[in-house]
Amino acid sequence: MRNKEIGALFDEIADILELRGENRFRINAYRRGAQSLTRALRDIDELAHDDALTAIPGIGRDLSAKIMEYIETGTIRYLDELREETPDVLLEMLRIPGVGPKTSRLIYEELGVKSLEDLALAAREHRLQLLPKIREKTEENILKGIEFLERSGGRIPLGTAYPLASRIVSSLSELEVVVEASFAGSLRRMRETVGDIDILVSSPDPEAIIQGFTHLDIVERVLAEGKTKGSVITKEHIQVDLRVVPSESYGAALNYFTGSKEHNIRLRELARQRGMKLNEYGLFRKTRSGREKRSAGASEEEVYEALGLVYIPPEIREDTGEIEASKRGEIPQLVSADDIRGDLHVHSDWSDGVSSLEDLVRAGLGRGYGYIVVSDHSKSLRIANGLSENRLLRQIEEIDRVNEKTRGFRLLKGSEVDILPDGSLDMSEKLLCMLDIVVVAVHSRFKMSRDKMTKRVIGALENPYSSILAHPTGRLIGERDAYGIDLDAVFDAAAETGTAIEINAHPSRLDLDAAAARRAAERGVLIGIGTDSHDPALDFDHMRYGLGTARRAWLTPDHILNTRSVRSLLSIFRRKQKRQQ
DNA sequence: GCCGTTTTCGGCCCGACTGTTTTCAGTCG
């Protein structure tokens, strides 16, 4: 999928056009095009091949020609020319919070800075104050902005943002004047990384809330402190924005601040078409006397309803077809925490986990699960204390003993078996056939050709005993890219062989990602959500990120393996064994 | 530059805060 790659180029064109002060609607057209490409479900090369590029919303005659040019020649001449005429530092300055195109150009033209280091020096020497409309405060903010960029270096993983946001929401909820409080933004949509944390509160006394917020003990620096809006940097260098609205606007505001931006724009257009206006205070209709009357706003549900839509869950508010589905009344019942009956990928202290088998039973029961798949590493993974075949035999006996003592819960015998470079499994058939669930995964030799890796993984899926393919791309968010693999070919093989594919719920993996999981499910692949837990006290909670990813992929309980009972689970893989043998 | 249930031309989402100014431009989400 090169969609993101081309989307980034259109964004760059938009940035440069903005710096040049071009027509803002033209700039917006490139931004929309970029967003559309990034979110498109189908592969751009495929669409180009079918001559169907203009079917993507926001892609018309000009943009599709530029996409074709890029596919054919590997470059867009127009962008090359723009780059030629635009010094890099102008674009770099745009990344500083508070610096936009106008300021960037002003600084460059008047001071001739060549780099962000140059700019920082100019700020420290107070030379920025020589410029019109820049005084002490702006200069300080630019300096702090550069430092922020250097320290934070980009986006925050979901696994960091979610607990922090939850803590802030519960601290704020303790304030007397708070009516409702929630986090919003890309965090509420459960994106795998977020740029900042957005918090929304309803209250009759906004200023008290803003005061309370800017004085929380997590705050390092206050960026903004208005009547209804506050913004801080935490000690971990994460930006947190707070908005306070009256109760009658809470739903409209929650909707607005949850986004996505593209989803909101569609909603606003819909409101306009119906002669209404939607903003963060509500949905308004003009009365005959010319005054505005609120028709909805207290809850998100009533906003959608007043727009003639069925409620759309936050995770799918990305303008990838949810508005149309909602108009038709066809929003799926997304899988939720209540549907999950067990965890499919858990390590114990037999390999690199910290818990005994008994601890796992207690932790599983504590979460209301009916089963857990014990999936310790196989013998090749020595670094993680992988189990020799003899130790696995002993573990199987031990699991039987633990299960005998337990009512209403079952430890399933499993293993996370290495997929060897030739596609075979790191375990003899004699042992494989004694296991309930065989999780298979690549843990070594990542750097092979895309073709070989695809064959290797498909080879493992064709093994009659493999049940679930774990973390199919091997990516570690912000650390390691996915290895080269043809996922669509893997999905076809999984559907063909009756093998499930994992959404690994660990926040540093989330592998499959939502877009890929959606494609897999559309091809008929059953999806299992596993936490890859090494410590139940910390890692069992990661199920929520796996669920978030599944929901972003539009998945219902029917698509998910671990919404099934133990019996149904086991029968699925017995069927596969029979078919493949 | 895109797009059409007020349309093939004339629109294109909306509001808060900051910092600099005396009424608002720039930035952000």
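For the numbers below, each heavy atom of this structure counts, side chains included, while hydrogens, waters and symmetry mates do not. So that the names make sense, note that chain A is the first sequence line, chain B the second, and so on, each numbered from 1. Fair warning: this is a prediction, and the values are worked out from it, not measured in the lab.
- A 4.5 Å side-chain heavy-atom check between A:His542 and A:Pro507 finds at least one atom pair inside the cut-off.
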Using the side chain to side chain contact (heavy atoms under 4.5 Å, CB included) rule, take A:Met276 and A:Leu283 through it: C-alpha gap first, then chi angles, then the decisive distance, then the call.
-> CA-CA 7 Å; A:Met276 298 187 278; A:Leu283 183 65; 4.0 Å; yes
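- Of the two residues near DNA chain B, A:Thr103 and A:Gln273, the one whose nearest nucleotide lies more 5' is A:Gln273.
- Atoms CZ (A:Arg31) and P (B:dC28) sit 11 Å apart, rounded to a whole Å.
- Between the C1' atom of B:dT27 and the CD1 atom of A:Ile142 lies a distance of 12 Å, rounded to the nearest Å.
- When the P atom is used for both B:dG26 and B:dT21, the distance is 14 Å, rounded to whole Å.
- Summarising the geometry, the separation between CD on A:Gln35 and P on B:dG29 is reported as 14 Å, rounded to the nearest angstrom.
- In this structure, A:Tyr304 and A:His263 have tilted ring planes: the angle between them lies in the 30° to 60° band.
- Atom name C1', nucleotides B:dT20 and B:dC14: the rounded distance is 23 Å, in whole Å.
- Taking the side chain of A:Ala29 as heavy atoms from C-beta on, and the options B:dG1, B:dG26, B:dC14, the nearest nucleotide is B:dG1.
- The nearest whole Å value for the distance from the CG atom in A:Leu19 to the P atom in B:dT27 is 10 Å.
- Residue contacts shown for A:Ile96 are limited to sugar-phosphate atoms, with no base heavy atom under 4.0 Å away.
- The cationic group of A:Lys293 does not satisfy the cation-pi geometry with A:Phe284, failing either the under 6.0 Å distance to the six-membered ring centre or the 45° limit from the ring axis.
- Considering only heavy atoms from C-beta on, A:Leu512 comes within 4.5 Å of A:Phe491 through its side chain.
- Residue A:Ile134 is in sugar-phosphate contact alone, with no base atom involved, counting any heavy-atom pair closer than 4.0 Å across all strands shown.
- Ring centroids of A:Tyr162 and A:Phe183 are separated by less than 6.0 Å, placing the two rings close together.
- The pair A:Arg523-A:Asp488 meets the salt-bridge criterion, since a charged nitrogen lies less than 4.0 angstrom from a carboxylate oxygen.
- At whole-Å resolution of the value, CZ in A:Arg61 and P in B:dT8 are 18 Å apart.
- In terms of position along DNA chain B, the nucleotide closest to A:Ile265 lies nearer the 5' end than the nucleotide closest to the other residue of the pair A:Ile265 and A:Glu136.
- A:Leu267 comes within contact range of no nucleotide atom at all, as no heavy-atom separation falls under 4.0 Å.
- Here the side chain of A:Lys133 is nearest to one of B:dA25, B:dG15, B:dC13, namely B:dA25.
- Comparing B:dG29, B:dG1, B:dC13 by their nearest atom to the side chain of A:Arg26 picks out B:dG1.
- Side chain to side chain, A:Asp241 and A:Gln239 meet the donor-acceptor criterion of an N or O pair below 3.5 Å.
- Across all strands shown, A:Pro132 has no heavy atoms under 4.0 Å from either base or sugar-phosphate atoms.
- The side chain of A:Arg135 contributes an N or O atom lying less than 4.0 Å from OP1 or OP2 of B:dT21.
- Rounded to a whole Å, the CG atom of A:Leu37 is 11 Å from the P atom of B:dC2.
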For nucleotides 9-12 of chain B, which of its nitrogen or oxygen atoms have a protein nitrogen or oxygen under 3.5 Å away, and what is each distance?
{"residue": "B:dC12", "atom": "OP1", "partner": "A:Arg272", "partner atom": "NH2", "Å": "3.1"}

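- Taking every side-chain heavy atom of A:Asp62 into account, B:dG1 is the closest of B:dG1, B:dG29, B:dT20.
- Note on A:Asn264: every side-chain N or O is 4.0 Å or more away from OP1 and OP2 of B:dC13.
- Within the 4.5 Å cutoff, the side chain of A:Ile67 has heavy atoms near those of the A:Leu37 side chain.
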Contacts under 3.5 Å, N or O only, protein and nucleotides 16-18 of chain B:
{"residue": "B:dA16", "atom": "OP1", "partner": "A:Tyr281", "partner atom": "OH", "Å": "3.1"}
{"residue": "B:dC17", "atom": "OP1", "partner": "A:Lys227", "partner atom": "N", "Å": "3.3"}
{"residue": "B:dC17", "atom": "OP1", "partner": "A:Thr228", "partner atom": "N", "Å": "3.0"}
{"residue": "B:dC17", "atom": "OP1", "partner": "A:Thr228", "partner atom": "OG1", "Å": "3.1"}
{"residue": "B:dC17", "atom": "OP1", "partner": "A:Lys229", "partner atom": "N", "Å": "3.3"}
{"residue": "B:dT18", "atom": "OP1", "partner": "A:Glu225", "partner atom": "N", "Å": "2.8"}

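- The side-chain contact (heavy atoms from CB on, under 4.5 Å) search around A:Thr473 returns A:Arg475, A:Ala482, A:Leu487, A:Asp511, not counting sequence neighbours.
- Nucleotide B:dT8 forms a pair with no other nucleotide shown, judged by Watson-Crick or G-U wobble geometry with both contacts under 3.5 Å.
- The separation between A:Asp198 atom CG and B:dC28 atom C1' is 11 Å, rounded to whole Å.
- Contact annotation for A:Tyr30: backbone-only contact, meaning every heavy-atom pair under 4.0 Å involves sugar-phosphate atoms and none involves a base.
- A:Lys277 comes within 4.0 angstrom of sugar-phosphate atoms only, judged by non-hydrogen atoms across all strands, and of no base.
- Counting any heavy atom pair closer than 4.0 Å across all strands shown, A:Arg32 reaches no nucleic acid atom.
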Test side chain to side chain contact (heavy atoms under 4.5 Å, CB included) applied to A:Leu9 and A:Glu5, step by step | CA-CA 7 Å; A:Leu9 297 178; A:Glu5 186 180 324; 5.5 Å; no
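- Between A:Asp11 atom CG and B:dG1 atom P there is a gap of 16 Å when expressed in whole angstrom units.
- A gap of 28 Å separates the C1' atoms of B:dT22 and B:dG29, to the nearest Å.
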